[in-house]
Q: 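Once you've had a glance at the structure underneath, I'll fire off some questions.
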Amino acid sequence: ELLMGTMSPKQGGQLQSSQEATWKMLVKRVVNGASSEDTYKWIEPSLREPAEKAVEDLMRDLEAWSMELARHCPEDWNQCCGILVQCLSGSEKESTKAPFRV
């Protein structure tokens, strides 16, 4: 909620919903990493610091959960990674009955 309330309504000349703008910001943060200045440029200047803190807290939580899953459920982690790769590459998984392997 904090993040959606901090986004400027206009980005690149187009009106966007706060939910769409927040999603784009989170994707930029994940793809570009913590050091990218581009990630938070669309946030209202007075709200950048709390929004950046909220995003970084979320990233730390996600990292901890991913390590937990990788350690304790490696097969589930491999399937999760496979799904993410499929989503990012835009390809559809062929229907097979073989077990998932990385």
Side-chain angles (χ1 to χ4, degrees):
E1 289 179 31
L2 168 70
L3 294 175
M4 287 198 275
T6 62
M7 302 302 291
S8 298
K10 194 171 189 177
Q11 293 185 7
Q14 299 175 357
L15 290 176
Q16 294 184 331
S17 71
S18 59
Q19 185 175 7
E20 183 180 348
T22 300
W23 178 253
K24 286 182 179 183
M25 181 190 61
L26 290 172
V27 170
K28 280 184 178 189
R29 168 51 184 87
V30 169
V31 172
N32 297 332
S35 62
S36 176
E37 294 177 16
D38 186 46
T39 303
Y40 304 104
K41 73 179 184 181
W42 303 109
I43 299 175
E44 296 295 328
S46 63
L47 299 172
R48 281 189 188 138
E49 189 175 326
E52 187 172 353
K53 182 184 178 333
V55 170
E56 294 309 312
D57 289 347
L58 175 63
M59 293 298 116
R60 274 189 293 284
D61 287 346
L62 288 174
E63 183 178 16
W65 294 333
S66 71
M67 288 190 298
E68 182 82 14
L69 183 59
R71 286 183 190 136
H72 298 288
C73 305
E75 286 185 30
D76 291 343
W77 174 247
N78 288 342
Q79 284 191 321
C80 179
C81 289
I83 291 168
L84 291 172
V85 168
Q86 285 177 348
C87 291
L88 293 172
S89 67
S91 65
E92 293 184 24
K93 183 178 179 182
E94 294 181 20
S95 179
T96 62
K97 300 223 183 222
F100 179 83
R101 296 223 165 111
V102 175

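Computed from a predicted structure; not experimentally measured. Reckoned from all heavy atoms, side chains included, excluding hydrogens, waters and symmetry mates. Along the sequence shown, residues carry numbers from 1.
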Q: E49: which residues meet the side chain to side chain donor-acceptor pair (under 3.5 Å) condition with it, sequence neighbours left out?
A: none
Q: Grouping I, L, V, M, F, W and Y whenever their side-chain heavy atoms are under 4.5 Å apart, do L84 and M67 come out in a common cluster?
A: no
Q: Between K24 and E20, is a side-chain contact (heavy atoms from CB on, under 4.5 Å) present by the stated rule, with each step listed?
A: CA-CA 6 Å; K24 286 182 179 183; E20 183 180 348; 3.6 Å; yes
Q: Quick one: do L69 and V85 end up in the same hydrophobic cluster if we chain Ile, Leu, Val, Met, Phe, Trp and Tyr together by side-chain heavy atoms under 4.5 Å apart?
A: no
Q: Not counting sequence neighbours, which residues clear side chain to side chain donor-acceptor pair (under 3.5 Å) with D61? List them please.
A: none
Q: List the residues meeting side chain to side chain donor-acceptor pair (under 3.5 Å) with R60, not counting sequence neighbours, and say none if there are none.
A: D57
Q: Once you round to the nearest 0.5 Å, how far does CD of E52 lie from OG1 of T39?
A: 8.5 Å
Q: Just to verify, what does V27 make a side-chain contact (heavy atoms from CB on, under 4.5 Å) with, not counting sequence neighbours?
A: W23, V31
Q: Does some side-chain heavy atom of E75 sit less than 4.5 Å from a side-chain heavy atom of Q79?
A: no
Q: Does A34 have any side-chain contact (heavy atoms from CB on, under 4.5 Å) partners at least two apart in sequence or in another chain, and if so, which?
A: R29, E56
Q: Would you check if R48 and P45 make a side-chain contact, meaning some heavy-atom pair closer than 4.5 Å?
A: yes
Q: Measuring from W77:CH2 to E68:CD, what's the distance to the nearest 0.5 Å?
A: 12.0 Å
Q: Measure the CD-SG distance between Q86 and C81 for me, rounded to the nearest 0.5 Å.
A: 11.5 Å
Q: Please determine whether residues V55 and L62 belong to a single hydrophobic cluster, defined as Ile, Leu, Val, Met, Phe, Trp and Tyr linked transitively by side-chain heavy-atom distances below 4.5 Å.
A: yes
